[in-house]
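These notes concern the structure reproduced below.
Letters go in sequence order (proteins before strands), and every chain restarts at 1.
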Amino acid sequence: MDQRFIYSEKVDLYLKGKLSESDQAALEEQIRQDPLLQNEVKLQQEVFQAIGEARKANIKARLNQIPVEQSPWIFGSSFKIAAVVSALVVTSVGAYLALSPSEDEVFTQINITSSEQSILKRQSVQAPQPVVVSEEIPDAIIADPDESTLVADARPATPQLSSPKSPTIRRPNVKEDFSEDAVQLDYSDFVMPQKRSLQSNAASEANISIESVLDKVYPFHYQFYEDKLFLHGDFEQAPYKVIALNTENGRRLFLEYTNNYYLLAEKQEVSPLILIQDATLVKELRQLSAAN
Amino acid sequence: MKDNVILDRISRGDEKALDELYRKYYRMMTRAIIKNNGTEQEAKDIYQDALIVFWQKAVSHQLVLTSKISTYLYSICLNLWRKELDRKSRLAHEEKDGVDFIDDESQERSKIIRECIQQLGDTCQKILMYYYFDDMSLQDIAQKLGFANTETAKTKKYKCKKRLDTLVKANYSASDFLD
């Protein structure tokens, strides 16, 4: 290598890509024919590159000193799940508040039917079936799960309310030919709906009547029949519970049994309980179950 | 700070404007990379590289913005990230036989030159970086470094380059890399 300092403005411009096409072609031809020049250009290329790297490192070191707002996505998938669940809770609570009637609304509705019956008491009021024809009876109102229904144990649950659908309350139509004599109130199968806690709307143990059926033909199956969940098989070994997850696409039910989770499609056919394998969903259900 | 002000300041070599730009779009740009399977560190590297490209083009007066700075930066980020993904994919499948040796030798030479650069004074380093990497004009360099005129910048650049070349050649000779 030639140890002398050979400065060439032309080589500088060449390496910067600023030579005209003709000058570039001429220089390249010269480089091909002159091994010394070839070495020199190669060295200069390396020097160019090293200066560039040093400059980049210099700028990056400067930028790294600048305080910046970290992206929330760095918290990874668990953060995303938490965010989704939070959004779900907010959406569900909002939907609940928008759709569910207040206690006053419920009583107002019932009072219409019972206005002629001064003996009716708030706690035991029931739409009198012979007289009142309601377009949608208030069985869609979600009852507040009490202690006994929250932890569904191996005992068959007492059939109470049907599935906790989003409440849609309409005023019952009152018959014009109403007569006091015709009122025969029957409160036997009605449980006064109470306002449900807000938190339980996004994900909760569903207040669903459950019955376990010892079934040898279908040992680990389930079915919904008349809004009641029948578990076919031996479910006496461990407690089970049903978790309702309200999503934008509607309610999804899951069975928790021996620390495993199974999807419950609300259909009448006897269907096998299929284990949920999706680790993310299982984790989410476990967290939600623990939180309730 | 508006785009035209930022661009004007950066094209005059104002590094503080670059700092502000970096802070302004950090979250937006890194999030785009992270959403495309990048880590936080990769996202940060890519965004910094994109800013350096922006800086180079602006400071050498080669940048004509036809969109917002954020849109321009975003497209550079995505292009760089695509290249990085390609590179990672190639590395995963590449036979490394014979490649390592060349890379090692090249890296060793690069290291020698970087050490030589470190031996230069601060002003010399800046002049060479501004001239050879940023591609700033001698006039802008003179202004930025407070030289009397362009001619002073030119003379200093020549002397600094001579010093660096001499150092590099001495170090190259001391090693066995070249004949």
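- Chosen from Ile66(A), Leu63(A), Val47(A), the residue pairing most often with chain B at heavy-atom distances under 4.5 Å is Leu63(A).
- Side-chain contact between Tyr14(A) and Asp23(A) is absent, with no heavy atoms from C-beta onward closer than 4.5 Å.
- When atom types are taken as modelled, the side chain of Glu256(A) and the backbone of Tyr240(A) share no donor-acceptor pair closer than 3.5 angstrom.
- Within 6.0 Å of CZ in Phe224(A) there are more than 12 heavy atoms belonging to other residues, nucleotides or ligands.
- A donor-acceptor contact shorter than 3.5 Å is absent between the side chain of Ser89(B) and the backbone of Leu85(B).
- Taking a 6.0 Å sphere around CD of Glu21(A), one finds it holds 12 or fewer heavy atoms contributed by other residues, nucleotides or ligands.
- The shortest non-hydrogen separation linking Ser70(B) to Met28(B) is CB-SD, 4.3 Å.
- Listed by chain and number, the residues in a side chain to side chain contact (heavy atoms under 4.5 Å, CB included) with Asp45(B) are Lys60(A), Gln41(B), Gln48(B) (sequence neighbours excluded).
- Looking only at side-chain heavy atoms (C-beta outward), Leu73(B) and Phe54(B) come within less than 4.5 Å of each other.
- Residues Lys10(A) and Gln30(A) bring no donor and acceptor atom of their side chains to less than 3.5 Å of each other.
- In this structure, chain B has heavy atoms under 4.5 Å from both the backbone and the side chain of Ile51(A).
- Contact count versus chain A (heavy atoms, under 4.5 Å) is highest, among Asp19(B), Ile52(B), Asp49(B), Ile113(B), for Asp19(B).
- A cation-pi arrangement, defined by a distance under 6.0 Å to the six-membered ring centre and an angle within 45 degrees of its axis, is present between Lys16(A) and Tyr131(B).
- Nearest approach of Cys77(B) to Ile33(B), heavy atoms of both residues: O-CD1, 3.9 Å.
- Listed options Lys18(A), Gln49(A), Gln65(A) were ranked by heavy-atom pairs under 4.5 angstrom with chain B; first place goes to Lys18(A).
- Relative ring orientation between Tyr22(B) and Tyr47(B) is described as parallel, the plane-to-plane angle staying below 30° on a 0-90° scale split at 30° and 60°.
- Side-chain atoms of Ser110(B) and Glu53(A) form a donor-acceptor pair, as typed in the model, at a separation below 3.5 Å.
- You'll find the ring centres of Tyr222(A) and Tyr262(A) outside the 6.0 Å limit.
- In this structure, chain B has a heavy atom under 4.5 Å from the side chain of Asn58(A), while its backbone stays farther away.
- When the heavy atoms of residues 134-147 of chain B are compared with those of chain A, the residues falling under 4.5 Å are Asp134(B), Asp135(B), listed by number.
- Contacts from residues 9-17 of chain B to chain A, taken as heavy-atom pairs separated by less than 4.5 Å, involve Glu15(B), Lys16(B) in sequence order.
- Taking the centre of each ring, Tyr132(B) and Phe48(A) come in below the 6.0 Å mark.
- Residues of residues 117-129 of chain B that come within less than 4.5 angstrom of chain A, heavy atom to heavy atom, are Ile117(B), Leu128(B), Met129(B) in numerical order.
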